[in-house]
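Quick notes on the structure that follows.
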Amino acid sequence: GSFIAAKNANLGNAVYATWWLNGPSGVSQATQVNVPGTVVLPDTQGLAYGGPISVTSNSPGKGPGTYDSIYINPSLFTAQLNLNASGTYHVTGNVSVQGYGVLNVNTGVNAVMVVDGNLSLQGSAKIQMSGSGTLTIYVAGSVTIPNQTTVNYPGSTSAFTLLGTSTNTSITMSSSGVLSGAIYAPS
């Protein structure tokens with residue numbers, strides 16, 4: 001199960017009160033204090049370094065790790081990068097999907113992407129979830145979803161979440177850009 005606690009809640013007391021149902025695996029005092037509305041980034045320390053990713057045709061896929069950038073730009077027709085394992089993908093630079101490029105999350109994969117730079121789609125680019133795949137993206141820079149681009153369409157709105165961090169400068173979506181999911185823009 002899960003337990004949602006208010007700011008400064010004593011989780012130790014909550015676990016103690018219900019230990020006889022499940023048996024506690026550990027008891028501790030809640031120490032992380034967050035300001036309501038603040039986006040809390042996932043831990044990206046200790047991820048394997050994978051360098052930059054540049055895709056011009058179909059890629060066998062990448063797993064969680066730290067990457068300098070992601071650049072998907074088809075040389076002819078389409079180019080697809082598959083996120084093929086659940087976990088955190090930390091991009092220290094920009095993510096750019098151009099032309100008929102596709103950033104795909106494979107079925108059964110629950111991916112989290114932390115982008116320190118910008119996220120931009122151009123042309124007829126797509127971010128898509130296959131089957132039961134899900135993607136949560138945290139973006140520190142700007143986000144651009146222009147005309148003719150799609151994000152998780154047609155997909156379940158629960159499969160895609162876009163979170164702007166406290167340094168996010170803008171989230172721009174043009175009139176014929178399509179997004180099926182949730183967006184949180186803190187300012």
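What you see is a predicted model, and the numbers here were worked out from it, not measured in a lab.
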Contact between [X] and [Y] at the side-chain level, heavy atoms closer than 4.5 Å - yes or no?
{"X": "Met113", "Y": "Leu83", "value": "yes"}
{"X": "Asn118", "Y": "Val143", "value": "no"}
{"X": "Ser96", "Y": "Asn94", "value": "no"}
{"X": "Phe160", "Y": "Ile137", "value": "yes"}
{"X": "Leu163", "Y": "Thr136", "value": "yes"}

Minimal non-hydrogen separation, [X] against [Y], with atom names:
{"X": "Pro74", "Y": "Gly99", "value": "CD-CA, 4.4 Å"}
{"X": "Val102", "Y": "Ile72", "value": "O-CD1, 3.7 Å"}
{"X": "Gly108", "Y": "Ser86", "value": "O-OG, 3.8 Å"}

Review point. Hey, which of Ile145, Val178, Leu179 is the one that makes side-chain contact (heavy atoms from CB on, under 4.5 Å) with Thr150?
Key: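 The option that passes is Val178.
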Does the side chain of [X] pick up a donor-acceptor pair with the side chain of [Y] at under 3.5 Å?
{"X": "Thr92", "Y": "Asp116", "result": "no"}
{"X": "Asn106", "Y": "Ser130", "result": "no"}
{"X": "Tyr138", "Y": "Asn168", "result": "no"}
{"X": "Asn58", "Y": "Gln80", "result": "no"}

Exercise for review: Report yes or no: does Asn152 contribute a side-chain atom to a donor-acceptor pair with the main-chain N or O of Ser180 at less than 3.5 Å?
Suggested key: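 Here the side-chain-to-backbone pair exists.
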Point to revise | Phe77 CZ: over 12 foreign heavy atoms closer than 6.0 Å | key: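 Incorrect, the count does not exceed 12.
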